[in-house]
Amino acid sequence: MGQPEQHAEGAGPFTTRLTWQRAEGETVVWESRLARRRGVLSVRGPGDAAGRPSTAGPRALRRLRRLNAIASGAFVAGGALFAAGAAISQFGSGDPLLSASVYFAGGLFFNTGGYVSLLQVLNAPRHAPGGGALVTAGWRWWGYEPMRLDWLSTFVLFAGTLVFGVNLLDSFLRGLSVQQVNRLVWTPDMIGCVLFLISGHLAFAEICHRSLPCLRSRSLGWWVVAVNQFGSLLFMVSALAAFTRPATGSLLNTGIANWGTLTGAVCFSVGGVLQLFERP
C-alpha cells in the first residue's frame with residue numbers, strides 16, 4: 001500500500017494545517033490550534049459530507065483541560081489586577097506605590113499565563129506520520145521549537161510578560177531623573193507591547209494558515225486571539241501616552257495612559273474567559 005498523499009498549508013515556512021489522503025479513501029486534517037487546544041483532528045470518509053473528530057487519549061485531554069484552566073484563569077486575574085491598578089491611578093488616591101503594587105501582582109499572573117501557554121504547546125498531542133492518531137509524549141517543562149508557529153507565538157508572548165516584569169519592578173524606584181524613567185520604565189513597557197503584538201500576529205497566522213489576518217467569526221479561537229490583540233493595541237496606545245516629556249517631567253497624556261491600560265487589561269480578562277471554553 002502506498003504512502004498517503006499529503007498537502008501542507010501555513011504561513012511562510014510554518015506549517016499550520018496538514019491534509020492527508022489515505023489510500024482507503026479517508027481524508028485526515030490536522031490543524032495546529034485545534035490539536036493543541038482541543039486535542040482533536042478531523043477524519044472524513046469517502047462520500048461523507050463532513051469530517052468526524054478523532055480525539056487524543058484521556059491522559060492528553062486531561063492535561064489539555066488542566067493547562068487551559070490555569071492559563072485562562074491567570075489571564076483573567078492578571079487583566080483584572082491591571083485594570084484595578086489603572087483605576088487606582090486614574091480615580092484613586094494617586095499613591096504611586098499602591099498602583100505599582102497592584103500592577104506587579106497582575107504582572108505575576110501574566111507571567112504565569114504566558115508560561116503555561118508555552119507549556120500547552122510543548123505538551124500538546126502531536127500528529128503521527130501519515131495522518132495517524134494524535135500521540136501524547138511525556139511531560140516537558142521546556143523545549144526549543146522555533147520552526148513551530150504555535151511555539152514561536154507563545155514564546156514571544158511569555159518573553160513579553162517577562163519584559164513587562166522589568167517595567168513593573170523598575171516602577172518601584174524613586175528619585176529617578178526623567179531620562180532614567182524613560183529608559184528603565186517606559187522602554188521595557190514599549191518592548192513588552194511590541195512583543196505582545198508580534199505574538200498576536202503569529203497567533204492569527206496560525207488560525208488563518210497565512211501571513212495576513214483573516215475573519216473567522218465562527219471560530220472561538222479566532223475571537224480569543226482577536227480580543228487579546230485588541231488589548232495589546234490598547235496597551236501600546238497606553239505606553240505611547242506614558243512617555244515622560246524631558247522638558248516638563250510630565251507624561252504625554254496621563255488619562256490616555258491610564259484608560260488605555262484599563263481597557264486593554266479588560267480585553268485580556270475577557271480573552272481569558274473565552275479561552276476557558278476553548279478546551280477538549
If two hydrophobic side chains count as joined below 4.5 Å and joins carry through other members, does [X] share a cluster with [Y]?
{"X": "Y115", "Y": "I70", "value": "yes"}
{"X": "I207", "Y": "L118", "value": "no"}
{"X": "V185", "Y": "V166", "value": "no"}
{"X": "F14", "Y": "I198", "value": "yes"}
{"X": "V76", "Y": "V225", "value": "yes"}

Using a 4.5 Å cut-off on heavy atoms from C-beta on, say whether the side chain of [Y] contacts that of [X].
{"X": "N228", "Y": "V224", "result": "yes"}
{"X": "L276", "Y": "V273", "result": "no"}
{"X": "I191", "Y": "L195", "result": "yes"}
{"X": "L197", "Y": "L233", "result": "yes"}
{"X": "L64", "Y": "Q120", "result": "no"}
{"X": "V194", "Y": "M236", "result": "yes"}
{"X": "R245", "Y": "L252", "result": "yes"}
{"X": "S101", "Y": "F172", "result": "yes"}

Using atom types as modelled and distance alone, determine if a side-chain donor or acceptor of [X] lies under 3.5 Å from a backbone N or O of [Y].
{"X": "W151", "Y": "G143", "value": "yes"}
{"X": "S72", "Y": "Q275", "value": "no"}
{"X": "W223", "Y": "L274", "value": "no"}
{"X": "T187", "Y": "L184", "value": "no"}
{"X": "S153", "Y": "L149", "value": "no"}
{"X": "R279", "Y": "R38", "value": "no"}

[X] [atom1] to [Y] [atom2] distance, which is reported to the nearest 0.5 Å:
{"X": "T154", "Y": "R148", "atom1": "OG1", "atom2": "CZ", "value": "9.5 Å"}
{"X": "N68", "Y": "L119", "atom1": "CG", "atom2": "CG", "value": "12.5 Å"}
{"X": "T27", "Y": "H7", "atom1": "OG1", "atom2": "NE2", "value": "12.0 Å"}
{"X": "I256", "Y": "L240", "atom1": "CD1", "atom2": "CG", "value": "10.0 Å"}
{"X": "F243", "Y": "S250", "atom1": "CZ", "atom2": "OG", "value": "11.0 Å"}
{"X": "D170", "Y": "Q180", "atom1": "CG", "atom2": "CD", "value": "10.5 Å"}

Which heavy-atom pair separates [X] from [Y] by the least distance, and what is that distance?
{"X": "M147", "Y": "P13", "answer": "CE-CB, 3.8 Å"}
{"X": "A242", "Y": "L251", "answer": "O-CD2, 3.2 Å"}
{"X": "T15", "Y": "A8", "answer": "CG2-CB, 4.1 Å"}
{"X": "A265", "Y": "A83", "answer": "CB-N, 3.5 Å"}
{"X": "F110", "Y": "T161", "answer": "O-CG2, 3.4 Å"}
{"X": "A60", "Y": "T136", "answer": "CB-OG1, 2.8 Å"}

*Which is it for V40 and E31 under the side-chain contact (heavy atoms from CB on, under 4.5 Å) test, yes or no, and what are the steps along the way?*
CA-CA 9 Å; V40 65; E31 291 193 31; over 6 Å; no

Taking the six-membered ring for Trp, are the ring centroids of [X] and [Y] within less than 6.0 Å of each other?
{"X": "F109", "Y": "F82", "value": "no"}
{"X": "F196", "Y": "F268", "value": "yes"}
{"X": "F155", "Y": "Y144", "value": "no"}

*Short side-chain donor-acceptor distance under 3.5 Å, S32 and E206*: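 Yes.
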
*Is it true that the side chains of T261 and S238 contain a donor and an acceptor less than 3.5 Å apart?*
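Yes - a donor-acceptor pair under 3.5 Å links their side chains.
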
*asked:* In terms of relative ring orientation, are W141 and W139 parallel, tilted or perpendicular, with 30° and 60° separating the classes?
replied: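 Ring orientation of W141 relative to W139: perpendicular.
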
_R174 atom CZ, neighbour heavy-atom count above 12 within 6.0 Å_ =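 It does: R174 CZ has more than 12 such atoms within range.
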
_Check this for me: does any side-chain nitrogen of one of R36 and D150 sit under 4.0 Å from a carboxylate oxygen of the other?_
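Result for this pair is yes, salt bridge flagged.
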
_Between R33 and E278, does any NZ, NE, NH1 or NH2 come within less than 4.0 Å of an OD or OE carboxylate oxygen?_
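Yes.
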
*Can you list the residues that meet the disulfide bond (SG atoms under 2.5 Å apart) rule with C267, with sequence neighbours excluded?*
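Disulfide bond (SG atoms under 2.5 Å apart) check on C267 returns nothing, list empty.
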
_I'd like to know whether V29 forms a side-chain contact (heavy atoms from CB on, under 4.5 Å) with R17, so could you lay out the CA-CA distance, the side-chain angles of the two residues, the decisive distance to 0.1 Å, and finally the verdict._
CA-CA 7 Å; V29 180; R17 179 162 59 193; 3.9 Å; yes

*Test N258 against F91 for side-chain contact (heavy atoms from CB on, under 4.5 Å), laying out the working first.*
CA-CA 10 Å; N258 288 332; F91 307 112; over 6 Å; no

*Would you sort out whether T19 and V28 count as a side-chain contact (heavy atoms from CB on, under 4.5 Å), showing the intermediate values?*
CA-CA 6 Å; T19 303; V28 181; over 6 Å; no

*Show your reasoning for whether ring-ring contact (aromatic ring centres under 6.0 Å, His included) applies to F235 and W259.*
CA-CA 9 Å; F235 275 179; W259 278 106; over 10 Å; no

